[in-house]
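The block underneath contains the structure these notes are about, expressed in structure tokens.
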Amino acid sequence: MTRRKDDPGKLAPARARLVAFVQNALGDAVTAAGAQQLLEQAGAWLGSSAVALDAHLRAHPEAFSSGSPKCPPSLPRLLRRIHAAGLGEKVLLIGCARCGKTRIELIKKTPEGRSCAWCVHREQSRPNAPCGVCGRLRPVHARATAERPAVCQGCYRNVGDCVVCGRRRPGGKLRGGPFHCIRCWPLDRLCDLCGETKPAAARWPVGTVCHRCYDQRTNNPKPCTHCGVPSVLVAVADGGPVCGRCVGVEHLDFTCRGCGARGAIRSGGRCVRCVATSRLDELLRGEDSAVAAPLRPLADALRVANPGSLLTWLRVSQSCQLLTQLLAEKTDLTHEALDALPQGHASRHIREILVSAEILDRRNEDLAQLQIWAERIITALPASQQRLVRPFAEWHIIREARRTAARGVYREGAARRDRAQINTAIAFLNWLDTNHTPLGELTQHHVDAWFDTHRNKNRPVVAFLRWLSARRIIPDIEIAPSQQGSPQHFHDLDTHQQQLRRCLTDDTLPLEVRVAGSLIRLYGMPLAAIVELTTDRFTRDETGACLLFDTHPEVPPHCWRALSMVR
């Protein structure tokens, strides 16, 4: 039997249209090569699959957002691939035409559209028929008998007249009393242990038990007043609390099938500790069905942890998922292997666990994280910036951090300060590039402008400027000492007016100093803005004098009456 060859006359145009359709639907986030890769992964690139998908998309251009299950089998796969690539907001996943699930293969073609294999199998094993209760066409759960008609799964309950809503619906008798339908069934009940009205967790011989009382009793077994064995006390006899065995209720024994301890029972009739230990062994088990020798210290350290916390960690923790991935890839558990991963809460947590279990040596983690962070952020910089930032970071910041760590005093605050210095150095270079200023042409004016416009970054940039100046990369500049805290010394109104009057009348001062002092005293202008003013911004006419500040409106002439006295 030979494989049917693809028709190049149909296949090539179909592929081109598919790539164009995917690119138009996803925008600039996907290139032509990326679109082709998505189609290949979805099985929509070869032969009849590509031609069928192309024909469907031409007939239904809204297929990516309609969610209609009447489509070729390759379309749901393609949409799931797009969603997995992080572009789920641009498409709508197609669900099974019967159960609506979107995360499973829709391999069956039904009159309603693409369906999953389970729904088709369920219909074949339990054919649809009219329900004798609700009248809808559904899979039969109980066949018709002489006493009752065929009943679907949703109606396979007692049916009666609800005492709350008065409607005839499926439901039951509450504690043998009045009939309640499912919608009117009361969720909150009176707990016979604490006396509060809460959602019920169980019904014991002692009465209804709320969730809090249930957890408290199952997690804290106490001696039974009859047999004296520590157990979960579920009943009262002869005036004292007793266990389930002593009152003949065997299903409320709460005895673990694994270790024989009595208490809270989880899956498989085992206690929390047995379940957590079993799942831990499954995680750390090697090819010979035993915990590998290098991982035994980790297993011993985790077994003594709180079993409830360990079970939660094994089930939902991201650090446990990361450890599972490393073990599945047979990666050696070393600092270098963890350093190659994205650094976050999960990697830090699993590293601390391995250090506590003495599988990894303890190191100055603040210094190590600074080095990892610096390497990753510098590698992403342009080559022109890397030539400056890398030696500054490695030979100035990180080298000094190593010296401090050798004395045992390098902590998180110091690492945060060093990151700020490297980040500010990058921001300063970006600011120069934005202003089209080469580093070799840096002047005092540029430095003053930076200090005036980036006040929150003044202190971190000083180390970078001094480092550049010491290596003759920039000319000598004056770096004003940074101010610590808020201003503490203020002039009163008389002193302020006296200094302004001196700027207007003292001929012994240079004219530039008098003008600058007047602008500072009148408007609080920074020096970096004053030095940018040119003579063409000052005008005088018969009404007075005025000055234009950049794009701001002209200063009203009456505000410049005093300044116009300057000659």
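Quantities reported herein were computed from a predicted structural model and do not represent experimental measurements.
- When atom types are taken as modelled, the side chain of His60 and the backbone of His56 share a donor-acceptor pair closer than 3.5 angstrom.
- Remark: side-chain polar atoms of His83 are not paired, donor with acceptor, to backbone N or O of Val91 under 3.5 angstrom.
- Using a 4.0 Å cut-off between a side-chain N of Lys or Arg and a carboxylate O of Asp or Glu, Arg376 and Asp339 do not qualify as a salt bridge.
- Salt bridge present: Glu400 and Arg403 bring a charged side-chain N and a carboxylate O closer than 4.0 Å.
- Under a cut-off of 6.0 angstrom, the local environment of CG in Asp361 is sparse, with at most 12 non-hydrogen atoms contributed by other residues, nucleotides or ligands.
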Check the pair Gln497 / Leu500 against side-chain contact (heavy atoms from CB on, under 4.5 Å), numbers first and verdict last.
CA-CA 5 Å; Gln497 292 179 347; Leu500 176 59; 5.6 Å; no

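- Side-chain N or O atoms of Arg471 include one that pairs as donor or acceptor with a backbone N or O of Trp467 at under 3.5 Å.
- A side-chain donor-acceptor contact under 3.5 Å links Thr379 and Glu375.
- Checked for salt-bridge contact, Asp54 and Arg58 meet the test: a charged N lies under 4.0 Å from a carboxylate O.
- By the 4.0 Å N-to-carboxylate-O rule, Glu512 lies too far from Arg514 to be salt-bridged with it.
- Summarising the local packing, CD of Glu412 is surrounded by 12 or fewer heavy atoms from other residues, nucleotides or ligands at distances under 6.0 Å.
- Salt bridge present: Glu105 and Arg80 bring a charged side-chain N and a carboxylate O closer than 4.0 Å.
- Between the side chains of Glu40 and Gln36, at least one donor N or O sits under 3.5 Å from an acceptor N or O.
- Side-chain contact between Ile359 and Ile353: absent, with no pair of heavy atoms (C-beta onward) separated by less than 4.5 Å.
- Using modelled atom types, one side-chain atom of Asn435 and one backbone atom of Trp431 make a donor-acceptor pair closer than 3.5 Å.
- Between Arg416 and Asp366, none of the side-chain N atoms (NZ, or NE/NH1/NH2) sits under 4.0 Å from a carboxylate O, so this pair counts as no salt bridge.
- A donor and an acceptor atom, one from each side chain of Ser278 and Asp281, are nowhere located under 3.5 Å apart.
- Heavy-atom contacts from other residues, nucleotides or ligands closer than 6.0 Å to CD of Glu394 number more than 12.
- Counting only distance, with no hydrogens or angles, the side chain of Ser347 and the backbone of Gly344 share a donor-acceptor pair below 3.5 Å.
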